[in-house]
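Report on the structure given below.
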Amino acid sequence: MEIVTYVLEGALEHKDSIGTGSVIKPGDVQRMSAGTGIRHSEFNASKTEPVHFLQIWIMPEKRGLPPGYEQKTIPAEQRRGELRLIGSRDGRDSTVTIHQDVAIYAATLGPADSASHNLGDKRAAWVQIASGQATINGIEVSAGDGIAIVGEPAIHISRASAGTELLLFEMAA
């Protein structure tokens, strides 16, 4: 599995059997490839503050990959008001490398913001609303909602509430 972790608030501590350890904070994205085998643990880095995070498991494009780990920080100002690439197959634009034909974008939007993303031929998307509310291609969604976009040329996000945070996954249809 390709395991992508994205922290919304608080801090998540990570340790694994290949000797990697880190604290993942808001704005960080971590990719761990389970590959041929890895043991890992994650836990709240604080004894008093809560942690809220999303963890996405993606099937890799081939079996037998070695275990691996990568973590990048995407500053809040780069996600504010726009979709910012945070994970990709080729690691472009200082993103984590995901061993699958997928691109992951993150955005924090407010009432004055809108964002669009064009989908190529035979591409689909999943948008996960982590916090807040927004309208996606005319459908109102709230925190915890996910919406699949298939057969549409583009994704249009508008009418967000203050502090709306979302992840957009683009993949083969």
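Just so you know, residue 1 is the first one in the sequence shown, and it goes up from there. Quick note: numbers below take in every heavy atom, side chains included, and nothing from hydrogens, waters or symmetry partners.
- In this structure, Met171 and Trp126 have side chains that are in contact, with non-hydrogen atoms separated by less than 4.5 Å.
- In this structure, Ile86 and Tyr6 have side chains that are in contact, with non-hydrogen atoms separated by less than 4.5 Å.
- Side-chain contact between Gln133 and Arg159 is absent, with no heavy-atom pair separated by less than 4.5 Å.
- Heavy-atom minimum distance, Pro67 versus Ala34: CB-O, 3.8 Å.
- How far CD of Glu170 is from CD1 of Ile149: 12.0 Å, rounded to the nearest 0.5 Å.
- Note that the OG atom of Ser46 and the CG atom of Leu12 stand 12.0 Å from one another [nearest 0.5 Å].
- Judged by distance alone, with hydrogens and angles left aside, the side-chain atoms of Asp16 form a donor-acceptor pair with the main-chain N or O of Gly19 at under 3.5 Å.
- Side-chain N/O atoms of Thr95 and Ser88 include a donor and acceptor closer than 3.5 Å.
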If you apply the rule side-chain contact (heavy atoms from CB on, under 4.5 Å), what do you find for Gln71 with Ile24, and how did you get there?
CA-CA 8 Å; Gln71 185 170 320; Ile24 312 162; 3.6 Å; yes

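- Hydrophobic clustering (side-chain heavy atoms under 4.5 Å, transitive across Ile, Leu, Val, Met, Phe, Trp, Tyr) keeps Phe43 apart from Val51.
- Hydrophobic clustering (ILVMFWY, side-chain heavy atoms < 4.5 Å, transitive): Ile3 and Met59 are in one cluster.
- The aromatic rings of Tyr69 and His14 lie parallel to each other, with less than 30° between the two planes, well short of the 60° mark.
- Taking both residues in full, the closest heavy atoms of Pro26 and Gly10 are given as CD-O, 3.1 Å, listed atom of the first, atom of the second, then distance.
- Proximity of a side-chain donor or acceptor of Arg31 to a complementary backbone N or O of Thr97 within less than 3.5 Å is detected.
- Heavy-atom minimum distance, Ser161 versus Pro111: C-CD, 4.1 Å.
- Here CD1 of Ile147 is found 5.5 Å from CD1 of Ile136. Values are rounded to the nearest 0.5 Å.
- Using a 4.5 Å cut-off on side-chain heavy atoms (C-beta onward), Ile104 and Ile56 make no contact.
- In this structure the side chain of Leu166 reaches within 4.5 angstrom of the side chain of Ile157, judged on heavy atoms.
- Across every non-hydrogen atom of Ala11 and Val23, the tightest pair is CB-CG1, 3.7 Å.
- When hydrophobic clusters are built by joining Ile, Leu, Val, Met, Phe, Trp and Tyr residues whose side-chain heavy atoms come closer than 4.5 Å, directly or via intermediates, Phe53 is not grouped with Val4.
- When all heavy atoms of Leu65 and Pro60 are compared, the closest pair comes out as CD1-CB, 3.8 Å.
- Side-chain atoms of His156 and Ser116 include a donor-acceptor pair closer than 3.5 Å.
- Using a 4.5 Å cut-off between side-chain heavy atoms of Ile, Leu, Val, Met, Phe, Trp and Tyr, with links allowed through other members, Ile74 and Val102 fall into the same hydrophobic cluster.
- Side-chain atoms of Val29 and Thr5, non-hydrogen and from C-beta on, never get closer than 4.5 Å to each other.
- Hydrophobic clustering of Ile, Leu, Val, Met, Phe, Trp and Tyr side chains at less than 4.5 Å, counting indirect connections, keeps Trp57 apart from Val96.
- Shown here for His52 and Ala130, the closest heavy-atom pair between the two residues is CE1-O, 4.2 Å.
- With rounding to the nearest 0.5 angstrom, the CD atom of Glu152 is 16.0 Å from the CZ atom of Arg123.
- Here the side chains of Leu119 and Ile155 are in contact, with some heavy-atom distance below 4.5 Å.
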Before giving the answer on side-chain contact (heavy atoms from CB on, under 4.5 Å), spell out for Arg84 and Tyr105 the whole-Å C-alpha distance, their side-chain angles and the decisive distance to 0.1 Å.
CA-CA 5 Å; Arg84 166 63 156 87; Tyr105 297 83; 6.0 Å; no

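- The main-chain N or O of Thr108 is never found under 3.5 Å from a side-chain atom of Thr164 such that the two would form a donor-acceptor pair.
- Between the CD1 atom of Ile58 and the CG atom of Asp101 there is a distance of 11.0 Å, given to the nearest 0.5 Å.
- No donor-acceptor pair under 3.5 Å is formed between the side chain of Gln128 and the backbone N or O of Leu168.
- Judged purely by distance below 3.5 Å, without hydrogens or angles, the side chains of Glu2 and His99 pair a donor atom with an acceptor atom.
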Quick one, Leu167 with Val127, criterion side-chain contact (heavy atoms from CB on, under 4.5 Å). Give me CA distance, side-chain angles, the key distance, then yes/no.
CA-CA 6 Å; Leu167 294 178; Val127 181; over 6 Å; no

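- In this structure a side-chain-to-backbone donor-acceptor pair under 3.5 Å is present from Asn137 to Ala154.
- A distance of 5.0 Å separates OG of Ser22 from CD of Gln30, quoted to the nearest 0.5 Å.
- Under a 4.0 Å N-O distance rule, the pair Arg79/Glu165 qualifies as a salt bridge.
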What's the verdict on salt bridge (charged side-chain N to carboxylate O under 4.0 Å, His left out) for Arg89 and Glu61, showing C-alpha distance, side-chain angles and the deciding distance?
CA-CA 10 Å; Arg89 178 187 240 166; Glu61 58 194 355; 2.5 Å; yes

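- You'll find the side chain of Lys15 stays beyond 4.5 Å of the side chain of His40, heavy atoms only.
- With respect to Asp93 and Lys72, no salt bridge is recorded, no charged nitrogen being found less than 4.0 Å from a carboxylate O.
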